[in-house]
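Worksheet for the structure shown next.
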Amino acid sequence: MGESVAEATITNWLKEVGDKIEADETVLEIATDKVDSEVPSEVSGILVEQLFGKDDLVQVGQTIAIIETEGDGATTSAQETATVEAIAEVTKTVATAKESVAAVSSGPADFSNSDKFFSPLVKNIAKEEGVSVNELEQIEGTGKEGRVTKNDILEYVKNKDTKTVATPVKAVETPRVAPAPAVAQKAAPISVNGGDEVIEMDRMRKLISGYMTASIQTSAHVQSFIEVDVTNIVKWREKNKTIFEKREGEKLTYTPIFMEAVAKAIKDFPGINIAVDGDYIIKKKNINLGMAAALPNGNLIVPVIKNADQLNLVGMAKAVNDLGNRAKMGKLKPDDTQGGTYTVTNVGTFGSVFGTPIINQPQVGILALGAIRKVPAVIETPDGDFIGIRQKMFLSHSYDHRVVDGALGGSFVKRVAEYLEAFDVNRDL
């Protein structure tokens with residue numbers, strides 16, 4: 001999943017226990033940050049156990065399922081034997097607990113009154129083992145935010161069985177406590193006139209909404225704007241785009257040219273390439289440029305070009321095209337959106353002259369590229385000034401005023417403009 005990804009949420013099991021699975025066949029779907037991914041099986045066999053349920057948060061490296069494969073006469077490794085024995089031991093523990101725990105069940109446990117979140121798998125084990133809601137709420141979970149995991153409840157059942165055998169349990173009257181007030185959930189809005197359509201946000205849109213709101217509440221946003229003459233860049237691209245596509249099999253857009261200038265400017269002003277963590281500033285060693293990309297469904301995602309300052313223009317173009325194409329096809333990997341240190345968004349794609357983008361936390365700056373337009377401009381020459389037609393655009397720099405002052409924020413975007421205006425129209429690819 002990538003070295004920067006630590007956990008993922010299971011969003012859907014595509015295979016159930018007992019299903020036959022072929023090698024490389026998708027078994028389940030997961031979600032990390034804003035990327036949904038499919039997890040294929042590395043082997044062929046039968047799915048005999050799911051160790052986590054839907055909506056469970058799983059750490060990278062944890063085993064999530066057991067697949068039984070057909071033997072080929074090879075000797076079972078010590079690790080495989082240990083795994084089989086461990087599964088057998090868990091099964092034996094559960095079976096022993098079922099026989100030993102004496103409890104009178106008053107019907108299926110009702111989890112609706114509990115304020116805590118329990119995964120479907122944990123709930124099912126609790127019901128099968130006769131663990132009441134009150135008991136379940138007392139278990140100290142080892143999962144994220146104190147959630148009770150499968151191992152937690154199995155350990156509880158095992159210990160409960162031991163205590164039941166060793167010491168008779170004396171009935172103790174539980175003090176009557178007033179139930180906690182139920183948390184009111186906002187009901188879906190209803191169309192008054194019957195003509196409005198009410199649509200719930202999808203998972204990604206909810207994430208984007210949360211990130212943008214949190215960024216506004218976290219950073220003191222301020223903007224600097226500068227107009228840039230990109231006539232030389234437009235002429236150079238028109239002259240070279242066909243040659244580039246025939247030679248490299250890649251389209252040559254303006255984006256890699258702008259990304260190259262941004263990476264160079266960050267090297268000149270490393271104070272932009274930082275992150276904020278509480279009262280501490282983290283200076284980033286690598287320059288990893290995020291490029292905001294609009295998806296076909298209207299959502300937004302920010303894949304990251306790693307070590308962008310080490311790429312030449314051809315390498316930058318290939319990286320931009322690769323990430324952009326995979327974003328549109330939904331083929332990004334979890335690590336493709338991690339580790340960004342500065343972000344660039346092209347609002348000019350939709351005709352906007354400039355914009356005021358929201359900072360991608362925990363970064364401290366984001367640059368918006370406006371639309372390139374033909375405009376009348378004053379041209380200075382040795383023979384005097386005259387009016388001519390030039391290709392111009394606006395750069396909009398949003399930065400976090402907690403740690404980036406106007407001098408740094410304005411100087412940085414000015415340096416980007418200087419690199420763009422100094423672009424060599426005779427440059428070789």
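Values in this document were obtained by computation on a predicted structure and should not be read as measured data.
In this structure, Asn312 contributes its side chain and Gly315 its backbone to a donor-acceptor pair below 3.5 Å. With hydrogens and angles ignored, the 3.5 Å screen pairs a side-chain donor or acceptor of Thr11 with a backbone N or O of Glu29. Although no hydrogens or angles enter the test, the distance criterion places a donor-acceptor pair under 3.5 Å between the side chain of Thr218 and the main chain of Ala214. Proximity of a side-chain donor or acceptor of Asn325 to a complementary backbone N or O of Asp322 within less than 3.5 Å is not detected. In terms of modelled atom types and a separation under 3.5 Å, the side chain of Ser352 and the main chain of Gly348 share no donor-acceptor contact. The backbone N or O of Pro357 sits less than 3.5 Å from a side-chain atom of Ser398, completing a donor-acceptor pair. Between the side chain of Gln50 and the backbone N or O of Lys15, at least one donor-acceptor pair lies under 3.5 Å.
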Run the side-chain contact (heavy atoms from CB on, under 4.5 Å) test on Asp152 and Thr149 for me, step by step, so that the C-alpha distance in whole Å, both residues' side-chain angles and the decisive distance to 0.1 Å come before the verdict. CA-CA 5 Å; Asp152 294 334; Thr149 66; 3.1 Å; yes

Any chance you could lay out the side-chain contact (heavy atoms from CB on, under 4.5 Å) test for Val228 and Lys392, step after step, and finish with the verdict? CA-CA 6 Å; Val228 190; Lys392 290 197 171 187; over 6 Å; no

Stepwise salt bridge (charged side-chain N to carboxylate O under 4.0 Å, His left out) check, Lys206 with Asp202: CA-CA 6 Å; Lys206 290 177 182 177; Asp202 59 24; over 6 Å; no

Audit row: Leu28, Asn12, side-chain contact (heavy atoms from CB on, under 4.5 Å) steps and yes/no: CA-CA 6 Å; Leu28 71 158; Asn12 189 29; over 6 Å; no

Evaluate Val43 against Thr69 for side-chain contact (heavy atoms from CB on, under 4.5 Å), listing each step before the verdict. CA-CA 7 Å; Val43 295; Thr69 59; 3.7 Å; yes

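Note that CG of Leu429 and NZ of Lys241 are 13.5 Å apart. Values are rounded to the nearest 0.5 Å. Distance CD/Gln361 to CD1/Ile216: 9.0 Å, rounded to 0.5 Å. In this structure, Leu369 CG and Ile257 CD1 are separated by 11.5 Å, a value rounded to the nearest 0.5 Å. Annotation: the span from Ile199 atom CD1 to Glu197 atom CD amounts to 4.0 Å, rounded to 0.5 Å. Separating the CD atom in Glu25 from the CG atom in Asp19 is a distance of 9.0 Å, to the nearest 0.5 Å. Considering OG of Ser41 and CD1 of Ile67, their distance stands at 3.5 Å, rounded to 0.5 Å.
Atom CD of Glu200 has 12 or fewer heavy atoms from other residues, nucleotides or ligands within 6.0 Å. Applying the 6.0 Å contact sphere to NZ of Lys267 captures no more than 12 heavy atoms from other residues, nucleotides or ligands.
Contact of the Met316 side chain with the Ile305 side chain is registered, since non-hydrogen atoms from C-beta on lie closer than 4.5 Å. In this structure, Ile153 and Leu136 have side chains that are in contact, with non-hydrogen atoms separated by less than 4.5 Å. Residues Val27 and Leu14 are not in side-chain contact: their nearest non-hydrogen atoms beyond the backbone lie 4.5 Å or more apart. In this structure, Ile274 and Ile282 have side chains that are not in contact, with every pair of non-hydrogen atoms separated by 4.5 Å or more. The closest side-chain heavy-atom distance from Thr9 to Asp56 is not below 4.5 Å. The closest side-chain heavy-atom distance from Thr26 to Val39 is not below 4.5 Å. The shortest side-chain heavy-atom distance between Ser132 and Glu137 does not fall under the 4.5 Å cut-off. The shortest side-chain heavy-atom distance between Ile243 and Glu248 does not fall under the 4.5 Å cut-off.
The minimum heavy-atom distance linking Leu323 with Val304 is given by the pair CD1-O, 3.4 Å. The heavy-atom pair separating Glu250 from Phe244 by the smallest distance is O-CD2, 3.2 Å. Between Ile359 and Gln363, the closest heavy-atom pair is CG2-O, 3.1 Å. In this structure, Ile366 and His397 approach most closely via the heavy-atom pair O-CD2, 3.5 Å. Contact detail for Gly355 and Ala368: the closest heavy-atom pair is O-CB, 4.3 Å. Scanning both residues, Leu395 and Ala417, for their nearest heavy atoms gives CD1-N, 4.1 Å.
For the residue pair Thr356/Gln223, the side-chain donor-acceptor check at 3.5 Å is not satisfied. No side-chain N or O of Tyr399 forms a donor-acceptor pair with one of Ser219 less than 3.5 Å apart.
In this structure Asp405 satisfies the salt bridge (Lys or Arg N to Asp or Glu O under 4.0 Å) test with no other residue, sequence neighbours excluded.
Ring orientation note: the planes of Trp236 and Phe423 are nearly perpendicular, at an angle over 60° on the 30°/60° scale. Ring geometry, Phe394 versus Phe354: the interplanar angle exceeds 60°, so the pair is classed perpendicular (tilted spans 30 to 60°).
When the options Glu135, Glu129, Gln138 are evaluated for a side-chain hydrogen bond (donor to acceptor under 3.5 Å, both in side chains) with Tyr156, the one that passes is Glu135. The one candidate from Val230, Asn346, Val234 that meets the side-chain contact (heavy atoms from CB on, under 4.5 Å) condition with Tyr254 is Val234.
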If you look only at distance, which donor and acceptor atoms sit under 3.5 Å apart when one is on a side chain in residues 258-266 and the other is two or more places apart or in another chain?
unit_1 : atom_1 : unit_2 : atom_2 : d
Glu260 : OE1    : Arg427 : NH1    : 3.0
Glu260 : OE2    : Arg427 : NH2    : 2.8

Under 3.5 Å, which donor-acceptor pairs link side chains of residues 283-295 to any protein atom two or more places apart or in another chain?
unit_1 : atom_1 : unit_2 : atom_2 : d
Asn288 : OD1    : Asn307 : N      : 2.8
Asn288 : ND2    : Gly339 : O      : 3.0

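Judged by a 6.0 Å distance limit and a 45° cone about the ring axis, Arg415 is not positioned over the six-membered ring of Phe269.
Salt bridge status for Lys306 with Asp336: absent, with no side-chain N to carboxylate O gap under 4.0 Å. For the pair Asp400 and Arg402, the salt-bridge criterion is met [side-chain N within less than 4.0 Å of a carboxylate O].
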